[in-house]
Every structure is written in C-alpha cells, then in structure tokens.
Amino acid sequence: MNAFLSVDQIDKVFPLGGGNEYIALKGIDLEIKQGEFVSLIGHSGCGKSTLLNMIAGLDLPTNGYVLLDGETIQSPGPDRMVVFQNYSLLPWLTVRENIALAVDEVLAHLSPEERLAMIEHHIDLVGLRHAADKPPAQLSGGMKQRVAIARALAIRPKLLLLDEPFGALDALTRGNLQEQLMQICEENNVTAVMVTHDVDEALLLSDRIVMLTNGPGSKIGQIMEVDIPRPRKRLEVINHPSYYSMRSELIYFLNQQKRVKQLQARKKGVIARHGLEKVNLEIGFVPLTACAPLAIAKEKGFFAHHGLDEVNLVRESSWRGIQDGINMGYLDAAQMPAGMPVWLSLGGHGGDPLPVVSALTMTRNGNAITMDKRFYDQGIHTLNDLKRMLLETPDKQHTFGMVHPASMHNLLLLYWLAAAGIEPGKDAKVTTIPPAQMISNLQAGNIDGFCVGEPWNIRAAVEGIGYTIATDLEIFPGHPGKVLGVREDWATAYPNTHIALVKALLEACQYCMEPANHEEIREILARHDYLSTDIDFIHLGDPNPMVCGLHPSPKEYAHHIFSGKGVNRPSRTEHLWMMTQMARWGDTPFPRNWVEILERVCRVSVFSTAARELGLTDITYSRGAIELFDGIRFNADDPIAYLNDLAVKHDIYMADVALDSGLSRVA
Amino acid sequence: MVTNARMQTNGTNLGSSFQTFWKKNKDNILLPAIGVISFLAVWQFVSMTGITRLPPPSSIFTDKQTRILLLYPFMDRGGLDKGLFWQTLASLQRVALGYSLAAIVGIAAGILVGTKPMLNKALDPIFQFLRMIAPLAWVPIVLIALPNVQIAAIFVIFITSIWPILINTKVGVDQIPQDYKNVARVLKISPRKYFFKILIPSALPYIFTGLRIAIGLAWLAIIAAEIVMSGVVGIGFFIWDAYQQNYVSEVILAVFYIGAVGLLLDRLVAYIQTLILPEERR
C-alpha cells in the first residue's frame, strides 16, 4: 500500500443545543501519497478546516479514522505540524525563541549545537536573518507567516498541514511566499495538505485538489489532478495549456455549490394547476442561438398558453451545469446536446446510470468547425490539408475544443477527424471548454480549433480570429443538435406536464422557423437574459449566406433548423448512432441491452401525443438510414457490426447497463 | 567675554525651552491647580460661615498641635505618640505583608482554578460569596478567630485584596488563546514549559490588572481595620484616636496623607507593570 496518509470514511458530527446535531462531514475518503501536495477547497463552512484538524489530531472524527503511516491518529503530535491561519506565534518570544521553543521540545534528542544549527538554518531558509531577534509584533503579516512556516519545517514533520496560510496577506507577499513554500516542499519532499479558498493558489501549489461540497454533510465532490510539471513558476503556470480549463472547472464547481444552495432555498414544492401535475418548472439552457425555442416559448407565451405559467429559464454557462442540474434534480427539464440523454443513461458522467428521456428534438444543424487563423495562412483549407499538417508536425500537440463529451460537436469533430485517419487523442487532443469561452481560448492559443454551435463560429470569422474549415452541412446534414431532456422519473411523475412542455416547445419551434419572425427572435436572443451578445452575431436566416468570406470555397452558413418535416420527432436511429459514436471513443460502454436503452430514452409516444393534440401530421415520418460525408452507411439493425467495421476507434467495451426502475427515484 | 556669551546663549536656551514646556503643559498644570484651589476656597468659605462644624483647611496651619504634626512627621515620643511618617510606615508594612500574601495565594489559586474547570465549578460560588464581604465586616470575625491584633489586621488586608487577584488570574488563564494551546498540543510541550512559556506570559496582563485593583483595596482595608483595632501604631488608628479626642484638623491632615499614599501605591504597581510587560501587551 502506498498511501502515506489515509482518511477512511470519516464523519464529523457536532452536537448542538437542544439535542440537535450538525453533520459537518460525511463519508470522507482520501488517500495521500508521500511527497504529495494536496489542497482542500470549498466554500466557508464546508468543513475543510475541520477535516484538516482531524488529520492534525486536534479534533477527532465521530466515525471512521485517519491513518498516518499505518497508525491511527488519536491526538495531535509534532509529526503533523500545523501552520495556522493566524500564525499563532507567541508574542512574548522573539522569532528565534519561537522557533527554538518548537525545536528544543521536539528534537530534544539532538545535541544543543545541532538544535541551534537547525534553528539558524530555518531562519535563513525563510530569509529572516535580519529579524531573528525581533518579537512578532514588529513583523509584517508575511514575515510572521514565514516564521510560522520555518517553525513548522524546523521540526521535520512527516506531514505539513496548512490552514489558509496566505489568506490574510496582500497579493504580492502571497505570491512570493507561495513560491518559497513550493520550493521548500520540493527540495525536502514534504507531504502537505493545505486548506484554501483561492483557486489560483490551489492550482499553483497542488498535485491534487480536493473539492468539498457545501455543508451540512459535506463530502468530496470531485478530485482534480493538476498535471502541470514541476518546478512551477507563478507567472508561467498560467500559460500551461490545461491551466485555464482546470481553473474554470474549479470555479465552476464552487459556483455550482453556491447555486445549489440558492436553488434549494428557493424551491417551493410542486404547484399543480390546469390539470397538469406541475406548472412551476426550472428549465436549463446554455446561451446559444439554438436556445431560441425556449426563449420564444417563454417570451411569446407558449408555455403559459399550455398551462405552464410558472416557467423559469435557468441560464447555465456550460453543458456541465445542465448535466449537474439534471443529475441533482434542481432542474426539471433542460435543453441538452443531442447525445446527453443516452450518455447520462449509460453513466457517462461517471456515476450510476441516470435514466434520462428525450421526447423532442429542438434544433438541427447550426454547428461548424473553426480553426485558428494562422492555419489559414499556412494554406490549410480542407480536412486533407489538416491531416498532412498534423502528420508533418508529430512533435507538436494540437488541441481542439468542444463543449461536452456527449454533444454533437464532439461526435462530429471526432468523426470528421477519424474519417481522414486522424486518431483523436493521439494525433490531436480534444478538450472540453464552455461555448462562450471558445473564442478567448482560441485567441490565447490554448486551442488550435474548435467545434461549436453558432454564434461562435461566425463571430470568430468576423473578428478575424479564426475561419470555418467545415460546417455540419458537409459532415452530417440535418443532424440533431439540441434536444429536450428530462429525467425518466420526472417524466413518469408528471406525464401531462411533459406533454404540455413538448407542445409548447413544438409551437415555439414552428414560430422560430417563420422568416417573418426572425428579426424579433434575434432581438430577444440578444437580450441580457439570453445570449447577451451583439445582435449582428445572431443569424437565423440569410442576409449573408456565407459564414466565412475569406475562404476560397466559402462555406454555406449552417443555419439552425427548428421545425419542418421530421425535424422535431425524436429518432431512435439517431440516438443509436450517437450511442455507437460514444462507445467508439471509449466514453461510454456499448450496452448489450441497447434495444431496451433506446426504448427508454427515446420517447416517441410523448412526441406523437403532443403533435396529434396540436393537429400536426408528421407523426409517422421515417428518417431512413444515416449516411455521413465519408459514404459509410449506418445500419441501425446491427450497430455492433458497424462499430467493428470502423477503421479508427478506441477500445470499445460492451456491458449490460442496468437502469433503475424509473419510479424508485421520484424526486 | 566668550564665556559670557556662551552662558548667555545657554540662558536663553533654557528660558526658551521652559517657555515651550509651559506652552505645551499650561492647561495640564493650570486647570488642576485652579480646581484644587477653588475646592479649598469653597471649603474654607463654608466652614467660616458656620454651617458645618468641620474646620476649614486653614486649620492645619492655625491649629497648634496639627501644625506640629505637619512640620515634624519624623518625631517619636514613644508609645502611640509618633509622627505621621511613622504612623504611615507602620500601616504600609502591614499592607505589604497582607498584599504579598494575597498576591502569592491569589495567583496560585487563580491558575489552579483557571486550568481545572471542575475545581472552578466547585469553588466559584464560595469566591463570589466571600468577595462581597466588606473589609469592616471581617474585623469582628478575625478579632474573634485570631490571637492578636497585628495578625488580624494583616488577615483583613489579605482577605480583601485576594479576590481581584484570584479572579483576574483565573480569567487570564481562561483567556489563553486557543491558538497558543493548539501550538502547545501539536508540539507536545511539557507541562512545565507550558506553564512558564505560555500560561504565565499569556495571563500576565490580567494578573497585573488584578494586582492594581487589589493594591487600592488593600490600602482601603488597612484604614478600616486599624480604625476598629485600637491600640496599634498606624494611620487608621491615628484618625480614630484624633476623632475621639476631637482633634478634627488632625483627621483632615491624616486624610491628606492617606490619599497621597494611595495614589503613590497605584503609580508604583503601574510602574512595575511597565517594567515587566512590553508596551503592546499592557
């Protein structure tokens, strides 16, 4: 076993007055290797300091135990020295005496000369020679913290515990101290656990960052590996390609925790009205031109018309937010990337399979692949040019951005690359970035290209940052873009609400397809509540049918299709195709019970009922087989043979995916 | 000539420095002086109108016997007939003994009670009860309980002045910041070292506050004790004796002595505090 410190199933319960109790931490499990630097991050009151105190032994867990080097921690000890947030220096002792107090006590087995040498060495280590005989009151905050660090290191602890060590310092001092601490830790191979609320500090110092959810009952929400090579420099780490995405993931996590709290506080139960089981709906969306049906249904009263008069649209900045909102149940429904219902149902998010159903395809098309402008200048105008360039520069890592592993952008991008024999992950890296951050990442050089929905491709072209190398019209014309997704248990609990929701959105889709309404829709989408962007970047129909004027063969603008024959009907074939693509890249298993999964995800019956009640006639429409730009036909009867025939693919694994009964998880 | 000139400049320097001193401190000297003089003047006026039998302040000089006491504080005619300096010194010796005892016992008990919460719970009601008993109320009890008047007087001082010391020490020990205790716990500091390096320095400001309150109380108590315990040399009994013999102006003179000594004692403890505690922790 190589765990140096292991925290095993810890609970911490504080008794409150009146026989109540407060559960601070619940089921914390953590293993830390020798020499590792781990940060604990979370909002105030999430119990991160409590966890640190339990590792220190200053506080004992209610259940579970902490093992250091195989021994249970029962009391504090100098092998786990703590650097306290407020320094905790003794004001009546000088700097030297403060350090000496610790050294003389803990290293009593050494001779007085050795101890003195130790003390002097550590005074020099933190550069406080000139202040060695001053009392702490005459030192600045940064100097005091340096004394505290020197005192902690001087006694050679096995484990260094830091409780927001730089929280009270000004930015400049903090930066210098962080670098000093990092250097000392690296040189002495110190194992450290640090509590912090500073995202950049955590990224700079840590090998791993442990994110704690909000209390009561805080748990580890997520653990992030920080793969930035050491030694790190404060001003250089921010240029590391993955710094930005790690930082946004941390910030996303913290924001999400804050929002969950707010949404839980706002939750007002189920309001049933007009013969519907629930009329107060929280519907998630991501600001893209494709969110038009939701915006229109809300602004033009289609929701209210169908009895849903308390709909609240929740703007998420990334698909990750939608995923978590549906997973944690604080969103009733959401606009989802087409692959997300299947992906969640197969457990692609890393948890238990979460059955999600889709009864409506809201948009098709509207996506494109954009490359950095400099590639255009290098003459890379087609997929084959790109392949040649990638093969010529094998030593250079090229990275593409996409918005979510389950989004059509990812699947199309990977399919497009693979069709030319480019192996994703090997010849080109693909990374997840929220849509609105694509352009800034492209501009910063963190990525070389991206596949994303409008308006971001046209914006990159207009601003001269990138150019459109391919639109979805050239790859998979008429592919599903965004779908309506709800949890299966939600659909089971509120069947009539589900139908009303589909009806309202179907009408909104029709409204969006009417050219006469386009000006109005663009104006609504540009508003602060929705895309909050310049109206010139939002296009629904022509004026200018070309997305990228500078291209030698200008690309036809891949306009969103909101409505039309067979547009909105959910298609089992398409969901199956996406299932094969996700399995192709090893993102989800390919379910042996794929027929069952498809039946559960793809709710044609809800769509048919809604369409019939609206008097629409495309109920029996059949899409037929799927054939992409490379000419390979997708045979929906034998997806496994199709997968086997694909030339470029990752390891595919088959599994039985057991879905819970939809009724058991009613929220 | 040269020397003369130098002396002259020195003289003007001295003169100008006195002027700046006077400018700065004019209000600090002039206003209290005006206050004291007005107070004495009103007293003098009221006494001369005959509203009260209290003699005017001028009687300290006009009354012959009092004038002797005022002018010869060091006289010693044997027995109880001693100058005011000796009377005061005798009282001060008693205070020194009782107060020292109170300080030693009070600090020790305060630390004990402060570090042992159980003991604190058990004893706190007794402390709070005893604390409220006025020095005069102790006198009959100690006169019955103790064999001689000297010891009884010292005990009254002890029992009056111990409470602020004990209670402040206890609070000081209670208030040792958790941070310091955590440092001690993490470093596993030995009890002896904890006592001298953390507990005492941390509680010291509180202990001094207690000592300073206690010195005032001790001085109050000695007067009360001596007034009641007849037949001892001391400023308290001196007042009582003078009253019995209707030497009212002597009483007034002794009261001036008591006030002045009380002021000096308080300043003395404050000065010791400045010697021991660094500036930022006072």
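Within every chain, numbering begins at 1; the chains are lettered A, B, ... in the order of the sequence lines, protein sequences first and strands thereafter.
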>> I'd like to know whether B:K170 forms a salt bridge (Lys or Arg N to Asp or Glu O under 4.0 Å) with B:D124, so could you lay out the CA-CA distance, the side-chain angles of the two residues, the decisive distance to 0.1 Å, and finally the verdict.
In response: CA-CA 11 Å; B:K170 186 191 89 182; B:D124 193 57; 3.3 Å; yes
>> Quick one, A:N53 with A:D59, criterion side-chain hydrogen bond (donor to acceptor under 3.5 Å, both in side chains). Give me CA distance, side-chain angles, the key distance, then yes/no.
In response: CA-CA 6 Å; A:N53 281 347; A:D59 211 344; 5.1 Å; no
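Side chain of A:E71 to main chain of A:L68: no donor-acceptor pair is present (N/O by atom type, distance under 3.5 Å, no hydrogens or angles).
Interface residue A:L58: backbone and side-chain heavy atoms are both found under 4.5 Å from chain B. Heavy-atom distances place both the backbone and the side chain of A:V82 under 4.5 Å from chain B. For a residue to count as touching a neighbouring chain, one of its non-hydrogen atoms must lie under 4.5 Å from one of that chain's; by this rule A:R80 touches chain B with the backbone only. Neither the backbone nor the side chain of A:A56 comes within less than 4.5 Å of any heavy atom of chain B. Only the side chain of B:K193 has a heavy atom closer than 4.5 Å to any heavy atom of chain A.
Ranked by non-hydrogen atom pairs under 4.5 Å with chain B, the options A:V106, A:N86, A:D104 are led by A:N86.
Between B:K197 and A:E97 there is no salt bridge, since no side-chain N of the basic residue sits under 4.0 Å from a carboxylate O of the acidic one.
Centroid-to-centroid, the aromatic rings of B:W138 and B:F158 stay 6.0 Å apart or farther.
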